[in-house]
Protein chains: 2
Amino acid sequence: MAMASILAGLKPVIRELAAGETLFASGDATRGFFLVRRGQIRLARFSASGRETLLFVAGPGERFAEASLFVETYHCDARAVAESSVACFPKSAALALLEGDAIARLELTADLARQVMELRSALTLRDVRSARERVLGYLVARTGVDGRTIAIGGPLKDIAAMIGLAPEVLYRTLAQLESERIIRRGNGIIELT
Amino acid sequence: MAMASILAGLKPVIRELAAGETLFASGDATRGFFLVRRGQIRLARFSASGRETLLFVAGPGERFAEASLFVETYHCDARAVAESSVACFPKSAALALLEGDAIARLELTADLARQVMELRSALTLRDVRSARERVLGYLVARTGVDGRTIAIGGPLKDIAAMIGLAPEVLYRTLAQLESERIIRRGNGIIELT
DNA sequence: GCAACGTGTTGATGAGGGTCATGTTCGTAG
DNA sequence: CTACGAACATGACCCTCATCAACACGTTGC
């Protein structure tokens, strides 16, 4: 991951969380940003009326609350869905690194810019109503340099969640595309024809 | 807008585009990032098979291709949907400013972080299947400091597009919420009760 | 004044994906 | 080797949202 060399310059504090435990709450003073090592952290916001808005569910390898580096208090609640382990990168050290190290600075900015691009792509993909077209759009966007093959890392149901489809619908759609010879599947690989 | 003071340090090149005109194409050397002044710019990617993936449609006041500052070539096509005017902020000047000016640097990074947060919120909102809950989630997320009122800028159909609903569905949902006394509407304002 | 246009609004309809149920395959722990 | 669970797969049903249609309303143009 691009952030590795940045993170290497910081001393994260490892924090273990039980299922349901709160990492931080809305209004708390920001301590820094986090990286999920194990488990899942759920970021949500509660409105005045008590209604909950789910913002993000961070899984292993994912960072969250990066934007907290630039604000004084957290604007959402972070709670562990399951028993989890997170690395906490303190705000002061991260900002100091951002001030002093030109490489780290460019890297963080570039990484954020890349995230913006990816998120925009993901968001636009959701505008595609048809499951068939959405799946095809996802596959096309994820083709490697040859423009034909897609490596499947992890279970299909995760992909389904990522593109906003029920797992069954993704299974069905892939099966249909395969029967129409539009894709070929095998061994963690999908190939467009 | 947060970027205003950054942008002030650069000398944008104003470019007028006719409807359908191409601003840049995939593979072109990156010139910088852009700000839409008037019209709409459509960012899309074409796969090897000719299939198109829509990435983003930037409207007035929106920037795009910020990530191009950190890569050598554009990874998508930018075409004007309608007759448009864009400001082009040259890559070299933006990067130099990012190197030299600590304030501008923090501002750009903070702005990108904020965008990441917003995009994540928008993406998560799409996971809400029910139109009713999605609209409520959007409203709650957009409440001002009082936690009750939402200012409506622009037509409702734009909001519908933003949250991924057909305009009719949004009209209906708002009407229903109003009839249930959950919201009140009037004069470009929606109030939660 | 009227026509043209876009937004907002509501009704009727249908297709498409969600959900539930059931079964199969595969990997892994024991 | 077996047992168990998770992912994968597929069938059936249903509900919801997209779509089409018709219309009201305000604005702009001539």
Side-chain angles (χ1 to χ4, degrees), chain A residues 19 38-40 54 57 59-60 81-83 122-139 150-180 182-191, chain B residues 19 38-40 54 57 59-60 81-83 122-139 150-180 182-191:
Chain A
R38 189 165 34 80
Q40 276 191 330
L54 179 63
V57 178
V81 175
E83 188 268 328
L123 197 52
T124 308
L125 191 61
R126 299 297 186 97
D127 286 336
V128 178
R129 314 280 185 203
S130 154
R132 178 197 177 90
E133 295 306 312
R134 195 186 295 178
V135 169
L136 279 172
Y138 173 80
L139 291 178
I150 300 100
I152 307 295
L156 288 179
K157 60 177 301 219
D158 284 359
I159 294 180
M162 200 175 307
I163 65 180
L165 290 178
E168 296 94 325
V169 177
L170 178 60
Y171 298 148
R172 258 188 274 268
T173 306
L174 287 176
Q176 191 196 351
L177 289 174
E178 195 172 21
S179 78
E180 295 174 14
I182 296 176
I183 64 171
R184 274 189 308 189
R185 278 193 287 175
N187 203 19
I189 296 283
I190 293 182
E191 185 178 355
Chain B
R38 188 164 37 80
Q40 276 190 329
L54 179 64
V57 178
V81 175
E83 188 267 329
L123 196 54
T124 308
L125 191 62
R126 298 296 186 98
D127 286 336
V128 177
R129 312 283 183 200
S130 155
R132 180 197 176 89
E133 295 305 313
R134 196 186 295 178
V135 169
L136 278 172
Y138 173 79
L139 292 178
I150 300 99
I152 306 295
L156 287 179
K157 61 176 302 220
D158 284 358
I159 294 181
M162 200 175 305
I163 65 179
L165 289 177
E168 296 94 325
V169 177
L170 178 61
Y171 299 147
R172 258 189 274 270
T173 305
L174 286 177
Q176 190 194 352
L177 289 174
E178 194 172 21
S179 77
E180 296 175 13
I182 295 176
I183 63 171
R184 275 189 308 189
R185 279 194 286 176
N187 202 19
I189 295 283
I190 294 183
E191 184 178 355

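Quick note on labels: first sequence line is chain A, next is B, and so on, each numbered from 1. Since this is a predicted model, take the numbers as computed values, not measurements.
- Between B:I182 and B:L136, the closest side-chain pair of non-hydrogen atoms falls below 4.5 Å.
- Between A:K157 and A:E168 there is no salt bridge, since none of the side-chain N atoms of the basic residue sits less than 4.0 Å from a carboxylate O of the acidic one.
- Crowding of A:R184 atom CZ: a count of heavy atoms from other residues, nucleotides or ligands under 6.0 Å not exceeding 12.
- Residue A:P155 has its side chain nearest to D:dA7 when only D:dA7, D:dC17, C:dT19 are considered.
- Rounding to the nearest 0.5 angstrom, the gap separating the CD1 atom in A:I190 from the CG atom in A:L177 is 9.0 Å.
- Considering only side-chain N and O atoms, A:R185 lies under 4.0 angstrom from the phosphate OP1 or OP2 of D:dA9.
- Among the atoms of the strands shown, none is found under 4.0 Å from any heavy atom of B:G154.
- Contact annotation: the side chain of B:L170 approaches that of B:V135 to within less than 4.5 Å [non-hydrogen atoms, C-beta and beyond].
- One N or O on the side chain of B:R134 and one on the backbone of B:I163 form a donor-acceptor pair closer than 3.5 Å.
- Looking only at side-chain heavy atoms (C-beta outward), A:I159 and A:L165 stay at 4.5 Å or farther from each other.
- B:R132 comes within 4.0 angstrom of no nucleic acid atom, judged by non-hydrogen atoms across all strands.
- Considering CG of B:L174 and CD of B:E178, their distance stands at 8.0 Å, rounded to 0.5 Å.
- Between B:R129 atom CZ and D:dA18 atom C1' the separation is 16 Å, expressed in whole Å.
- Note on A:R134: nothing from the nucleic acid sits closer than 4.0 angstrom, heavy atoms only.
- Within residues 167-178 of chain A, the residues having any heavy atom under 4.0 Å from DNA chain C are, by residue number, A:E168, A:V169, A:R172.
- D:dC17 atom C1' lies 15 Å from atom CD of B:E133, rounded to whole Å.
- A heavy-atom distance below 4.0 Å to DNA chain C is reached by none of the residues of residues 156-163 of chain A.
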